[in-house]
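The structure appears right after this line, and notes come after that.
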Amino acid sequence: MCPYRLVLEHVTSRWGVLVLIHLLERPHRFSELRRAIGEVRPVSEKMLTQTLQTLERDGMIHRDAKPVIPPRVDYSLTDLGREAAEQVRGLAEWTVRRMGEVSEARERYDSEKARS
């Protein structure tokens with residue numbers, strides 16, 4: 001797979017979008033991030049872990065593991081991740097603004113398909 005397409009897939013994946021947007025607000029601990037994302041759509045621990053690891057590998061997220069008891073890990077955006085998150089948030093906001101028009105277009109399309 002083309003490396004550009006792969007990064008785009010990571011950033012715009014179901015969980016990638018939500019992780020990036022939530023981390024724009026502030027750094028989060030794993031459990032905080034899971035709860036915040038869960039308000040939008042429930043995410044398993046495994047999927048969130050995989051998403052965080054993928055975005056960390058791509059240089060979008062910084063993982064800060066503190067050597068304390070109990071263990072504490074904070075996730076934050078790198079400069080690269082912040083730039084990507086702002087782009088993704090813009091697309092998400094556009095979707096919210098334009099959803100009415102998208103719904104109307106879908107209804108027109110479905111009506112035309114049903115008639116043919």
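- Both Leu80 and Leu52 belong to a single network of hydrophobic side chains, linked directly or stepwise wherever heavy atoms of I, L, V, M, F, W or Y lie under 4.5 Å apart.
- Using modelled atom types, no side-chain atom of Arg63 and backbone atom of Glu56 make a donor-acceptor pair closer than 3.5 Å.
- Looking at Lys66 and Asp64, a side-chain N of the basic residue comes within less than 4.0 Å of a carboxylate O on the acidic one, giving a salt bridge.
- Around the CG atom of Asp110, the shell of radius 6.0 Å holds more than 12 heavy atoms that belong to other residues, nucleotides or ligands.
- A distance of 8.5 Å separates CZ of Arg89 from CZ of Arg82, quoted to the nearest 0.5 Å.
- Residues Glu112 and Ser116 form no side-chain contact, since every pair of their non-hydrogen atoms from C-beta on lies 4.5 Å or further apart.
- Checking side-chain atoms of His28 against main-chain N and O of Arg26 turns up a donor-acceptor pair under 3.5 Å.
- No side-chain heavy atom of His62 sits under 4.5 Å from any side-chain heavy atom of Leu77.
- Rounding to the nearest 0.5 Å places CD of Gln87 at 11.5 Å from CG of Leu20.
- Under the side-chain contact (heavy atoms from CB on, under 4.5 Å) test applied with Val88, the options Leu24, Leu18, Ile21 reduce to a single match, Ile21.
- Tracing side-chain contacts under 4.5 Å through hydrophobic residues (I, L, V, M, F, W, Y), one reaches Val73 starting from Leu55; they form part of the same cluster.
- Clustering ILVMFWY residues whenever any of their side-chain heavy atoms sit less than 4.5 angstrom apart, transitively, puts Ile61 in a cluster other than the one holding Leu6.
- A salt bridge is defined here as a Lys NZ or Arg NE, NH1 or NH2 lying under 4.0 Å from an Asp or Glu carboxylate O, and Arg98 with Glu101 meets this definition.
- Once rounded to the nearest 0.5 Å, the distance linking CZ of Arg72 with CZ of Phe30 reads 14.5 Å.
- Side-chain atoms of Arg29 and Tyr75, non-hydrogen and from C-beta on, never get closer than 4.5 Å to each other.
- Contact annotation: the side chain of Val19 approaches that of Leu48 to within less than 4.5 Å [non-hydrogen atoms, C-beta and beyond].
- In this structure, Gln53 contributes its side chain and Gln50 its backbone to no donor-acceptor pair below 3.5 Å.
- Of the possible donor and acceptor atoms, one in the side chain of Thr78 sits under 3.5 Å from a partner among the backbone N and O of Met60.
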